[in-house]
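Okay, structure first, notes after.
In what follows, chains are A, B, ... by sequence order, proteins preceding strands, each numbered from 1.
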Amino acid sequence: MSLVSWRSPFGFALSLVAVLVIAYIIGPLIVIVGSSVGGAGYLSFPPEGFSLQWYSKLIREPLYLNGFLTSLRIASTVTLLSLLIGIPAAYALAYRGFRGASTLVSIFLSPLMLPSLVLAVALTIFFSHWPLTTGNNRLVLAHLIICIPCVLRVTIPAFQRLDPALEEAALNLGATPLKAFLLVTLPVVKSGFAAAGALAFIMSFDEFDMALFLSDPAQMPLTVVLYTKAQLAFDPTLAAAASSLILMMLVLMILVQIVRMLRG
Amino acid sequence: MITTADTTTARPKISFEGIVKDYRGFRAVDRVSVAVQAGELVALLGPSGCGKTTTLRMAAGFIEPTEGKIMIDGRDVTRLPPYKRDTGMVFQSYALFPHLTVGGNMLFGLKRRGVAREEAERRVRELAAMLKLDHLLDRLPKQLSGGQQQRVAVGRALVINPAVLLLDEPFSNLDAQLRESTRVELRRIQQELGITALFVTHDQSEAMAIADRVAVMDAGRLAQIDTPERLYARPATRFVANFIGRANLIDAKAAGATGRDGLTVMRGPGELKFALASDTPAEGAVVLRPEAIRIDREPTGAEFNTAEATVKSVSFLGSAAHLALEFAGDVTITAEIRGSEAASYPQGAKVWASWDASALSCVIN
Ligand SMILES: Nc1ncnc2c1ncn2[C@@H]1O[C@H](COP(=O)(O)OP(=O)(O)OP(=O)(O)O)[C@@H](O)[C@H]1O
Ligand SMILES: [Mg+2]
């Protein structure tokens, strides 16, 4: 039984709002996917006819493929590093607990509140003064600033839900603190890691503002490629590229859900 | 702090020596000394917040004492981390590893100790049979009932054959009926295996039923440690008298000897004159258990340990009934009689109450 029946006036209003919001979010996506499978030689919606010609064109376009591979490389690196840094941090902040931990969490999460354009500009200035690293490594560093908090936000609750006695039980049975972490804590919370990793990956993969400012012009990530293309001419290949991106994210999300459901 | 002298001279399995735990100006545990002999089960009993869990966790090594020493098997373990101590702990929440099967949970400690696979599996099977868990070894904790989870927690702690088994309110998540049968079962296994155990509870009947000795804690201090029988018959403090069973506490002053029997006389308010075994303080409170009081319609004629009273109220409890008796000097004492006799003493009835000298004890105020 749901709390509010949709047959009541209030429930009906709620349902209506929900449907409208979903339509508002999904609508643009449908337009993009729809126009990417059109048979005409130009962008149109609803599509005229059906063909996958733009997709085959997309694959044969090296700029898109390179962009995709660059983004994949960056996002994978960022995901791996965010998890490696974020998980131990979440463990220390949430499970171990110490004075001032909650203040630290707020500070660590604050980059998520900042518009990424502001971060992009700030980092551009920063790197011009202190050229720590070059090329797309700069973008990796930039993405870490937003992806680590993202990992923290997903894994901290997972660690908080964990019974503190679990690790104590492991210690009591003779496990060293490291063994207790590796054999008990980590396996128990790891279903949360898939979600955290997927989120970090998606965040990095489709991030645009910082990519525009900080990426290597010789090796542009996909979002920047799309932007450059869109400025030249808005042909259906662009819609096909965007649709592929949507599809990829969708598959990723579904995978995460499946992993979660399998874990129960 | 009152402790009974240890009758055995053997080295205790675990001992706390003047343990103190301070939390930023707040003393949670205050100079507690307890020694538990091999094969003995000692219950740490006391009201909420008196420091039982803190004491137990110091034994396991999760909390470091501010002062004092903890010895296990004659070795000073005060500064040792938990994983270097030989204790097995049963947590209130059980803390079973959710990603491991019952068998995996029980094997965990043996693996950490480097016990060979075959030997480890044999020991798990053996103990599982004893705990009636043998058909559940392949299940995950979430596929078990609360009672089964509890047994797994005990099994996991016992299979490593620890020097001391530590239990923190292990039955608090079970319903009343299961709690009683599990308690009997735990006691049987503890005695069968000769395990030394320290058992935390705030339930006095649980402590009395399971323990060889009960250590009563009051606001961080050890109030008394003794066998359940002696604790009940000879409480050392007002707090213990009130906490263990029901007690009437009547303020009284010493008034010489009876001249016979070597009993000391203590005068209470009004006409109340108690004669009790010597070594009583000059001033204190006499402890009179409700069920030690006999009720008669006629005076007994004795000089001590009897007085006239009026029945102020009667509460019928089935097998027993409680009478509130009002004595001269505005003293009210609760007496327990058989339920079937309740009708003979209606409200307002004049009665004579009496009790034996041996049923009395005295605590210092
Ligand atoms: N980490 C801590 N910081 C400050 N005070 C604490 C801490 N842990 C416990 N205390 C205090 O120490 C006292 C003893 O706590 P403890 O948990 O040992 O009580 P307990 O006897 O086990 O009670 P209960 O029956 O409720 O479990 C309590 O007053 C508690 O508030
Ligand atoms: Mg407690």
*Side chain, backbone, both or neither: which part of B:Leu96 has an atom under 4.5 Å from a heavy atom of chain A?*
backbone

*Let me know if B:Phe97 has heavy atoms under 4.5 Å from chain A in its side chain, its backbone, both or neither.*
both

*Just by distance, with hydrogens left out, do A:Asn136 and A:Ser215 show a side-chain donor and acceptor under 3.5 Å apart?*
no

_Looking only at the side chains, is there a donor atom on one of B:Gln92 and B:Ser172 sitting less than 3.5 Å from an acceptor on the other?_
yes

_Is it the case that the side chain of B:Arg156 and the backbone of B:Gly88 share a donor-acceptor pair, with hydrogens and angles ignored and the cut-off at 3.5 Å?_
no

*Could you look at A:Asn172 and say if it's the side chain, the backbone, both or neither that has a heavy atom under 4.5 Å from chain B?*
both

*Donor-acceptor side-chain pairing of B:Thr201 and B:Asp203 below 3.5 angstrom*: no

*Among B:Pro82, B:Ala157, B:Ala60, B:Pro81, residue most engaged with chain A (heavy-atom pairs, under 4.5 Å)*: B:Pro82

_B:Thr101 backbone acceptor or donor facing B:Arg139 side chain under 3.5 Å_ = no

*asked:* Heavy-atom pairs under 4.5 Å with chain B: which of A:Leu173, A:Thr176, A:Val184 has the most?
replied: A:Leu173

*Would you call B:Arg122 and B:Glu126 a salt bridge, using N to O less than 4.0 angstrom?*
yes

_Check: B:Thr87 side chain, B:Val164 main-chain N or O, donor-acceptor pair, under 3.5 Å_ = no

*Within 6.0 Å of CZ in B:Arg187, more than 12 heavy atoms from elsewhere*: yes

_If I measure from the heavy atoms of chain B, does A:Ala170 come under 4.5 Å with its side chain, its backbone, both, or neither?_
both

*Going by residue number, which parts of residues 241-250 of chain A are within reach of chain B, meaning a heavy-atom gap below 4.5 Å?*
none

